[in-house]
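See below for the structure under consideration.
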Amino acid sequence: MQLRLWHYDLPLRHTFTISRDSIDVQPTVIVELEQDGKRGYGEATTDRYYGVTLESLTEAIGRCRPIIESFTLGRPADLFDRLLPELDDHRFALCAIDEAAHDLWGKLENQPVYRLWELEADQLPLSNYTIGIDSIETMVAKLREFADWPIFKIKLGTDRDLDIVRRLRAETDAVFRVDANCGWSADETISNARVLKELGVEFLEQPLPANEWEAMRRVRRESVLPVFADESCQREEDVACCDGFFHGVNIKLVKCGGLTPARRMIDAARQRGLRVMVGCMTESSVGISAIAQLLPLLDAVDMDGAVLLAKDIAQGVTVERGVCRYPDRPGCGVELTEQGRQLL
Ligand code: MG
């Protein structure tokens with residue numbers, strides 16, 4: 001295979017704020033793998049919380065170049081297993097390579113990835129649309145802009161959380177999910193859950209800081225709403241740790257290292273009776289199209305990343321009003337539409 005690496009700055013439609021951070025432009029890298037005239041693409045965004053920068057991604061992926069370029073792609077999992085020892089500490093880089101390997105695999109086999117996995121696409125969960133933290137007026141305006149979506153994920157962790165949800169509820173009958181991104185205590189979570197359940201919230205995502213396991217066990221017992229792990233569930237081994245502390249897990253491809261470990265995590269979660277959601281970063285249609293291949297396996301999905309962008313860089317899976325549509329193309333269906341800056 002041949003490896004190329006591209007940098008793009010993704011402009012966001014709105015400043016995106018969560019409990020700990022705020023961004024207007026999302027830097028991202030695209031891995032391109034070429035074999036037999038076909039090109040596959042994968043993506044990893046930069047991320048302050050996880051300490052991932054353009055430089056660290058370029059260094060990590062560049063260090064694997066000799067392995068990748070001497071490798072002939074068969075099953076993507078074989079490349080993942082070969083690279084894991086090199087990139088164990090850099091899952092975002094591993095994710096971009098693993099997604100590209102899957103896209104390329106499908107293109108070489110001339111089949112969508114989900115079909116190569118023998119999955120059926122007749123009953124797919126709807127994606128939520130995420131409303132970042134802002135003034136209540138701006139959060140209402142963001143909801144109105146996407147008023148025809150069936151599910152909204154509301155980012156909380158402010159001093160006016162319940163007011164925000166009450167005000168948004170006055171706008172729509174849609175399903176709500178809440179993500180506090182580690183911003184609440186156990187007492188707050190248990191008491192907020194009572195109010196939020198009345199306000200039509202379906203579940204809570206990561207209310208407590210990632211390492212507060214004992215408090216989380218209490219929340220798991222006393223919360224009237226189901227609780228999903230996000231920051232507490234990053235890698236394959238974390239699924240077992242979440243059993244008994246959460247009702248479900250939110251798997252993200254960049255956190256675990258791509259589609260190969262995500263599929264293993266889904267299997268592990270199912271065996272333990274945990275519900276399964278897959279989430280996205282603010283990534284382009286490259287990363288979103290990879291996530292979409294997992295849809296038939298999921299209870300819930302947050303794949304609005306490309307919808308949050310003012311300008312996309314690729315064509316692939318589309319998400320409109322929460323409905324995912326696969327393109328009539330093999331692999332993950334990704335074609336780049338913009339020229340990036342070449343890093344490798
Ligand atoms: Mg989250």
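Hydrogens, waters and symmetry mates are skipped; everything else that's a heavy atom, side chains included, is used. This is a predicted model, so every value here is computed, not measured. When a ligand or atom number is given, it counts from 1 through the structure's own listing order.
Enclosure of atom CD in E118 is not indicated, since only 12 or fewer non-hydrogen atoms of other residues, nucleotides or ligands lie within 6.0 angstrom.
For the Mg ion (ligand 1), the set of nearby N, O or S atoms under 2.8 Å includes one belonging to E205. For the Mg ion (ligand 1), the N/O/S atoms of D230 include one lying under 2.8 Å.
Without hydrogens or angle criteria, D238 side chain to R235 main chain gives a donor-acceptor distance under 3.5 Å. S56 places no side-chain N or O within donor-acceptor distance of the main-chain N or O of V52, the cut-off being under 3.5 Å.
With respect to E205, the side-chain hydrogen bond (donor to acceptor under 3.5 Å, both in side chains) criterion is satisfied by exactly one of K155, K153, R177: K153.
Taking the N/O/S atoms of D179 in turn, the shortest distance to the Mg ion (ligand 1) belongs to OD2.
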